[in-house]
Amino acid sequence: MTSASVASSSTASPLHNDRFLRALARQPVDRTPVWMMRQAGRYLPEYRAKRAEAGSFMDLCRNQDLACEVTLQPLDRFPLDAAILFSDILTIPDAMDLGLYFVTGEGPKFRKTVRTPEEVDALKVPDAERDLDYVMRAVSTIRGELNGRVPLIGFSGSPWTLATYMVEGGSSKDFRHVKAMLYDTPDAMHQLLDKLAHAVTDYLNAQIRAGAQVVQIFDTWGGALSTPAYMEFSLRYMEQIASGLIREQDGRRVPVIMFTKNGGQWLEQIATAGADAVGLDWSTELSNARQRVGHRVALQGNLDPNVLFARSGAIRAEVGRILESYGSGPGHIFNLGHGVSQFTNPDNVSAFVDALHDLSPAYHRQPQGDIPARQQDS
Ligand code: CP3
């Protein structure tokens, strides 16, 4: 499949850089594609300027032109192979009327929490196209503005991860309310997760219809569960979502990436839950992950974001170590093992991407006589 053959059948412009989609399909590429979780954000001075202009983070998300501008900021600085919609996972609970707000230094908060069976019962499942129309407008604006430069990733939180924020009323260290609810009233927890799974499926499908070419489900807090609780309360609902997603749009597959932070021990189960790719944090070796599930799914990861606080020589060495750990051949998407820190120096991100560009082609040499697929930079 060349760039030309992935051109969409609709009015959408052809894709000029399809490395990311090819790697997701485990097809040969010229070098390892790369993007970063939270690539648009506070570590960029130009982001901080736009956020100040918008007034607040949610105002930035709600204005499609500003959301589009900040989505493109990291692409203008670094030669990344994918764009990710600028938004947040908490837009769904916000659309469920829980009253999302942000307190500087404390992270997201909700005015209302959901803890009792009655509160779960009363919760309405939003209609994504109506209640989250600002997200869909941002997706189509970004897709138009990208004009085929790189693919656009849409995203959502996993039901379990969203539930942790809704039940706790914000971020949590110990998850005491949500875990008490899980063990005391598992039926109510299942009802909550089922409502969220329906909401997420509708939300991601609306993003796909609006122009998202790949979707990622962020299960940031799945790794806080015991193994049986993870299977029953997190993975099962991600699997339900994957089975309800639009998997082909404009004649092209829409790949799904599942990222469970600290989920390395459950890779085999995640790899059979309907994802095209599995995201890994830095605690799992890629060589080990590839051996276990590389025949089924592509793998995304897994540089420790804190490596970006080190000097360029150390960054390059870690990039090299991770490439070597995955080894030769397709199916690897380079990423961080979690979001980039707001305290990261953008120059160190440049050092990271430059090292990858320098070192990764050696892992994609075609066997003699085979003509490498044509790749284009944006
Ligand atoms: O990756 C990208 O560039 C796309 C944008 C994106 C944001 N949040 C922007 C954001 C994505 C994919 C998210 C996902 C998200 N949001 C997750 C899952 C991924 C992960 O990092 O684990 C979670 C748990 C959230 C919830 C959330 N939203 C938190 C914990 C915070 C930080 C709050 C704080 O004050 O530190 C947010 C706000 C947020 N989301 C910011 C950005 C750029 C910072 C807002 C600001 O102050 O400008």
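Heavy atoms only: backbone and side chains are in, while hydrogens, waters and symmetry mates are out. Whatever order the structure lists ligands and atoms in, that order sets their numbers, starting from 1.
Protein heavy atom in closest approach to atom 46 (C) of ligand 1: Arg51 NE, 3.0 Å. With respect to atom 24 (C) of ligand 1, the closest heavy atom belonging to the protein is Tyr165 OH, 3.0 Å. The closest protein non-hydrogen atom to atom 4 (C) of ligand 1 is Leu85 O, 3.4 Å. Scanning the protein heavy atoms around atom 19 (C) of ligand 1, the nearest turns out to be Phe218 CD2, 3.3 Å. Annotation: atom 9 (C) of ligand 1 to nearest protein heavy atom, Ser87 O, 3.3 Å. If you check which protein heavy atom lies closest to atom 11 (C) of ligand 1, you get Phe155 CZ, 3.6 Å. Among all protein heavy atoms, the one lying closest to atom 38 (C) of ligand 1 is Phe102 CE2, 3.4 Å. Considering only non-hydrogen protein atoms, atom 28 (N) of ligand 1 sits nearest to Asp88 OD1, 2.7 Å.
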- Task: Could you please spell out the steps behind the ring pair (Phe, Tyr, Trp, His ring centres under 6.0 Å) verdict for Phe57 and Phe86?
- Result: CA-CA 10 Å; Phe57 168 67; Phe86 188 81; 5.6 Å; yes
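If you look at Leu60 next to ligand 1, there are no close heavy atoms at all, none under 4.0 Å. Of the heavy atoms in His338, only side-chain atoms (C-beta onward) come closer than 4.0 Å to ligand 1.
Distances between N or O atoms of Arg42 and those of ligand 1 include at least one value under 3.5 Å. The shortest N or O to N or O distance between Ser171 and ligand 1 is not under 3.5 Å. Remark: ligand 1 and Gln39 share an N or O pair separated by less than 3.5 Å (distance only, no angle test). When only interatomic distances are considered, the shortest N/O to N/O separation between Arg38 and ligand 1 falls below 3.5 Å. Here's the thing with Thr220: one of its N/O atoms is less than 3.5 angstrom from an N/O atom of ligand 1.
Within ligand 1, the atoms closer than 4.0 Å to a non-hydrogen atom of Ala40 are 3 (O), 43 (C), numbered from 1 in the order shown. Listed by number with element, the atoms of ligand 1 under 4.0 Å from a non-hydrogen atom of Phe86 are 43 (C).
Between atom CZ of residue Arg236 and atom CG of residue Leu193 there is a gap of 9.0 Å, rounded to the nearest 0.5 Å.
A salt bridge is absent between Glu168 and Arg176: the closest approach of a Lys/Arg side-chain nitrogen to an acidic carboxylate oxygen does not fall below 4.0 angstrom. Between Asp30 and Arg19 a salt bridge is recorded (basic side-chain N to carboxylate O distance below 4.0 Å).
Annotation: Phe155 is in aromatic contact with Phe218 [ring centroid separation under 6.0 Å].
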